Number of protein chains: 2
Amino acid sequence: MVREPLGEEAAAELSRMFKALSDPIRLRLLSLIASHEGGEACVCDLIGPFDVSQPTISHHLKVLREAGLVGSERRGTWVYYWVLPEALAKLSALLEIPAASAKALA
Amino acid sequence: MVREPLGEEAAAELSRMFKALSDPIRLRLLSLIASHEGGEACVCDLIGPFDVSQPTISHHLKVLREAGLVGSERRGTWVYYWVLPEALAKLSALLEIPAASAKALA
DNA sequence: ACTCTGTTTCGACGTCTGTCGATACAGTCG
DNA sequence: CGACTGTATCGACAGACGTCGAAACAGAGT
């Protein structure tokens, strides 16, 4: 991000990912999934902690999935979600500002 | 994010920052500022690269500023913006998923 | 003081987003 | 097959968001 001014297409794709993270419920969902034992969680584990309805949680999970941040799979009765680490790593790397680039050190 | 399930307040604050990054123009603005010589840029440097009006750019800069991602200061005729590295570092660290936590390695 | 340039604020408009209840779909177990 | 549980989709609605043109504000220079 510091080296190149970030082209239009790249910015569009990245902004879609960040948009998925721009809701407090989705952030908490992601951290619940990531911190869940085995690295994955069933939808039924994700409804309890929130005050919103089940369809709303389902909607948020869909947003996370379509942003490429989580994967999902049905196994029998339940649907499991897990985090896709490459996606988060991509965003994390983008936000790393080399200390030498900070204004204070210029 | 992997260790603790991310409390409501923390999620709310972080989601505000991610929301500021959820627009392609704001992402490009941020990278333009970060990659600009000296680590800061004048608003007049930030208008040219975009197809939107100047008030719209000003609006986006305000969003970035209120999210705590950039600082700004008027010096004479021009207003300068710079990135606040601590804020980006905070988000970057949040998104770092230890490899051992990935589902594939569980 | 006046004007000119750079920047922000204001008011309005159409679109997108989060939420809900109701409903449909998927699998399991009698 | 039929009922039951878990999950996704649909349709609707209120509120938030990105954008614009017009207007206000801030400094610099004449």
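Proteins come first, then strands; the chains are lettered A, B, ... in the order of their sequence lines, and each starts at number 1. What you see is a predicted model; the values in this text were computed from it and never measured. The basis for the numbers below is simple: all heavy atoms, side chains too, and nothing from hydrogens, waters or symmetry mates.
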Separation of Leu27(A) CG from Leu64(A) CG (nearest 0.5 Å): 8.5 Å

Residue pair Ile33(B) / Leu46(B), side-chain heavy-atom distance below 4.5 Å: yes

Reported CG-to-CG distance for the pair Asp23(B) and Leu29(B), which is rounded to 0.5 angstrom: 8.5 Å

Touch class at under 4.0 angstrom, heavy-atom based, for Tyr80(B) against every strand present: nothing

Pair Ser92(B)-Ser92(A), side-chain donor/acceptor within less than 3.5 Å: yes

Residue pair Met1(B) / Leu94(B): nearest heavy atoms and the distance that separates them: CB-O, 3.5 Å

Selection: residues 46-59 of chain A, any non-hydrogen atom under 4.0 Å of DNA chain D: Gln54(A), Pro55(A), Ser58(A)

Rounded distance in Å - CG (Leu64(A)) to P (dT17(C)): 14 Å

Selected nucleotide, minimal atom distance to Cys44(B) side chain, candidates dT7(C), dG18(D), dA8(D): dT7(C)

side-chain hydrogen bond (donor to acceptor under 3.5 Å, both in side chains) involving Lys90(A) - partner list, sequence neighbours excluded: Glu13(A)

Pair Leu88(B)-Val83(B), side-chain contact (heavy atoms from CB on, under 4.5 Å): steps then yes or no: CA-CA 8 Å; Leu88(B) 295 198; Val83(B) 170; 3.8 Å; yes

d(OH, Tyr81(B); C1', dG6(C)) in whole Å: 12 Å

Pairing residues for Ser35(A) by the side chain to side chain contact (heavy atoms under 4.5 Å, CB included) criterion, not counting sequence neighbours: Pro5(B)

Interface with DNA chain D, restricted to residues 25-33 of chain B and to heavy atoms under 4.0 Å: Ile25(B), Arg26(B)

For DNA chain D, the residues among residues 6-24 of chain B that have a non-hydrogen atom under 4.0 Å from it: Lys19(B), Asp23(B)

Interatomic distance where CH2 belongs to Trp78(A) and P belongs to dA8(D) [whole Å]: 14 Å

Side-chain ion pair, Glu40(B) and Arg75(B), N-O less than 4.0 Å: yes

Base-contact (B) and sugar-phosphate-only (S) positions in nucleotides 25-30 of chain C, heavy-atom cut-off under 4.0 Å, - elsewhere: -SSS--

Close side-chain approach of Leu32(A) and Leu6(B), heavy atoms under 4.5 Å: no

Option from Arg28(A), Arg26(A), Arg65(A) for which side chain to side chain donor-acceptor pair (under 3.5 Å) with His60(A) holds: Arg26(A)

Nearest-neighbour nucleotide for the Lys62(B) side chain, dG18(C), dT9(C), dA8(D) considered: dT9(C)

Backbone N/O of Pro55(B) and side chain of Ser58(B): donor-acceptor pair under 3.5 Å: no

Ser15(B) side-chain N/O to Ala11(B) backbone N/O, donor-acceptor pair under 3.5 Å: yes

